[in-house]
Novice: 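Sharing a structure, written as structure tokens. Questions coming.
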Amino acid sequence: MTAVETRRRAGLPIATLVVAFVTALGAAAQLNDPEVLDRFRRNYPALHDGEWWRWFTPLLVQSAGWGQILFNIGSLLVVGVIAERRFGTVRWLVLYVGIGLAGEAFGERLDPTGSGNSLAVCGLAGALATLLILRPGAATRPHAFVVPYYVACVAGLGFGGIAGATAAPTAVLVVMSVLLRRDRYTGVAFAAGVAALVAAGALAARPDQHGIAVLCGAVAGLLLFPPRDRAGRPEPARPVP
């Protein structure tokens with residue numbers, strides 16, 4: 001195997017692909033049999049009565065139907081690939097599973113009959129926002145764009161429904177498309193991370209479980225920096241594509 005093939009194989013976002021596939025299977029099962037959604041979604045009385053699987057199965061089904069299925073799985077693939085390449089597979093799993101399960105505790109009060117993997121994706125986005133703030137020079141353009149765009153989607157939805165979820169990311173798309181054309185954009189990456197966390201903080205104050213999940217991911221990101229090299233130095237900045 002050549003060195004190039006080794007690097008490509010090492011860069012395969014295996015956790016993202018596997019989790020997306022399993023989540024898609026859950027969506028397919030609920031579409032085929034509506035009882036799957038009722039059996040797997042949040043139901044805290046049933047959880048406390050012994051249906052222990054409800055701690056994690058809400059991450060596998062989507063209570064809002066086709067729109068949520070497409071958005072959440074698509075977001076997982078986009079945000080997840082960037083996060084796995086920055087944090088590595090093990091750290092990715094810690095973030096995704098950890099924030100996803102913690103999010104179920106928020107859901108007990110804020111959305112007791114809902115379901116979906118968006119809380120776990122929010123955790124990944126929050127960690128990436130932390131990385132933008134603390135290591136803006138190491139961020140690629142997709143990283144700097146996707147984080148504020150995704151947070152704008154969930155914040156827009158939380159504040160303004162479908163209209164907000166359309167207007168907010170559209171505004172981010174326009175602004176970031178202009179700013180990221182600059183040759184030197186470290187300041188833009190830093191500002192993107194700050195803006196994402198400010199929006200998440202405003203959403204969390206409502207309170208909204210998605211904003212809380214982004215902030216939890218941001219805190220977790222402080223502890224889960226990308227790997228260091230053998231000499232103990234931080235991972236070098238990658239060339240900006």
Side-chain angles (χ1 to χ4, degrees), residues 19-20 23 26-27 30 37-38 40-48 51-76 78-80 83 92-130 146-166 168-169 172 193 195-222 224:
V19 172
T23 306
Q30 77 174 75
L37 177 59
D38 292 333
F40 282 4
R41 72 194 309 166
R42 294 186 197 114
N43 183 329
Y44 289 94
L47 173 66
H48 296 311
E51 295 185 4
W52 52 268
W53 59 85
R54 292 186 188 268
W55 275 120
F56 60 89
T57 54
L59 297 173
L60 302 177
V61 291
Q62 319 290 333
S63 57
W66 271 107
Q68 187 184 22
I69 290 170
L70 294 176
F71 178 77
N72 282 353
I73 294 179
S75 299
L76 169 58
V78 175
V79 177
W92 190 99
L93 288 170
V94 170
L95 281 167
Y96 189 89
V97 176
I99 301 300
L101 294 180
E104 295 308 308
F106 311 143
E108 180 171 9
R109 174 169 294 187
L110 300 176
D111 188 11
T113 61
S115 63
N117 65 310
S118 57
L119 295 180
V121 179
C122 284
L124 299 178
L128 287 171
T130 294
V146 165
V147 171
Y149 185 85
Y150 176 75
V151 174
C153 288
V154 295
L157 183 64
F159 283 112
I162 298 299
T166 302
V172 170
L197 294 188
V198 169
L203 187 61
R206 293 198 61 189
D208 185 287
Q209 58 190 338
H210 295 92
I212 296 171
V214 172
L215 296 182
C216 288
V219 173
L222 293 172
L224 296 172

Novice: What distance do Asp38 atom CG and Ser63 atom OG have between them, rounded to the nearest 0.5 Å?
Specialist: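 Spacing of CG (Asp38) from OG (Ser63) equals 10.5 Å.
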
Novice: How long is the gap from CG on Leu197 to OG1 on Thr130, to the nearest 0.5 Å?
Specialist: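 One gets 5.5 Å once the value is rounded to the nearest 0.5 Å.
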
Novice: Counting heavy atoms not belonging to Trp53, are there more than 12 under 6.0 Å from its CH2?
Specialist: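 Yes.
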
Novice: Would you name the heavy atoms of Pro58 and Arg54 that are closest together and state the gap between them?
Specialist: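 Scanning both residues completely, I find the closest heavy atoms to be CD-O, 3.0 Å.
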
Novice: Which pairs of donor and acceptor atoms, one on a side chain in residues 116-127, lie under 3.5 Å apart (sequence neighbours left out)?
Specialist:
| from | atom 1 | to | atom 2 | distance (Å) |
| --- | --- | --- | --- | --- |
| Asn117 | OD1 | Gln62 | NE2 | 3.1 |
| Asn117 | ND2 | Tyr96 | OH | 3.3 |
| Ser118 | OG | His210 | NE2 | 2.8 |

Novice: Check Leu215 against Ala204 and note the closest heavy-atom contact, atom names and distance.
Specialist: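 Heavy atoms of Leu215 and Ala204 come nearest at CD1-CB, 3.9 Å.
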
Novice: Any salt bridge (Lys or Arg N to Asp or Glu O under 4.0 Å) pairs touching residues 64-74, not counting sequence neighbours?
Specialist: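 For residues 64-74, and leaving out neighbouring residues, there are no salt bridge (Lys or Arg N to Asp or Glu O under 4.0 Å) pairs at all.
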
Novice: Quick one: do Ser115 and Leu37 satisfy side chain to side chain contact (heavy atoms under 4.5 Å, CB included)? Show the steps, please.
Specialist: CA-CA 9 Å; Ser115 63; Leu37 177 59; 3.7 Å; yes

Novice: Measure across Gly217 and Ile99 and return the closest heavy-atom pair with its distance rounded to 0.1 Å.
Specialist: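 Looking at all heavy atoms of both residues, the closest pair is N-CD1, 3.9 Å.
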
Novice: Give a yes or no answer on whether the side chain of Trp92 reaches the backbone of Gly80 with a donor-acceptor pair at less than 3.5 Å.
Specialist: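 It does hold such a pair.
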
Novice: Using the rule given for side chain to side chain contact (heavy atoms under 4.5 Å, CB included), can you reason through Val146 versus Val79, listing the C-alpha separation, both sets of side-chain angles and the distance that settles it, and then say yes or no?
Specialist: CA-CA 7 Å; Val146 165; Val79 177; 3.8 Å; yes

Novice: How many angstroms lie between atom CG of Leu59 and atom CG of Leu76, to the nearest 0.5 angstrom?
Specialist: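 Leu59 atom CG to Leu76 atom CG measures 10.5 Å (nearest 0.5 Å).
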
Novice: Would you mind writing out the side-chain donor-acceptor pairs for residues 150-165 within the sub-3.5 Å range, not counting sequence neighbours?
Specialist:
none

Novice: Using every non-hydrogen atom in the two residues, find where Ala200 and Val214 come nearest and quote the distance to one decimal.
Specialist: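 Smallest heavy-atom distance, with atoms named: CB-CG1, 3.5 Å.
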
Novice: Do Thr57 and Val61 pass the side chain to side chain contact (heavy atoms under 4.5 Å, CB included) test, and can you show the C-alpha distance, the side-chain angles, and the key distance before you say yes or no?
Specialist: CA-CA 7 Å; Thr57 54; Val61 291; 6.0 Å; no

Novice: Which heavy-atom pair separates Val147 from Ala196 by the least distance, and what is that distance?
Specialist: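 Closest heavy-atom pair between Val147 and Ala196: CG1-CB, 3.8 Å.
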
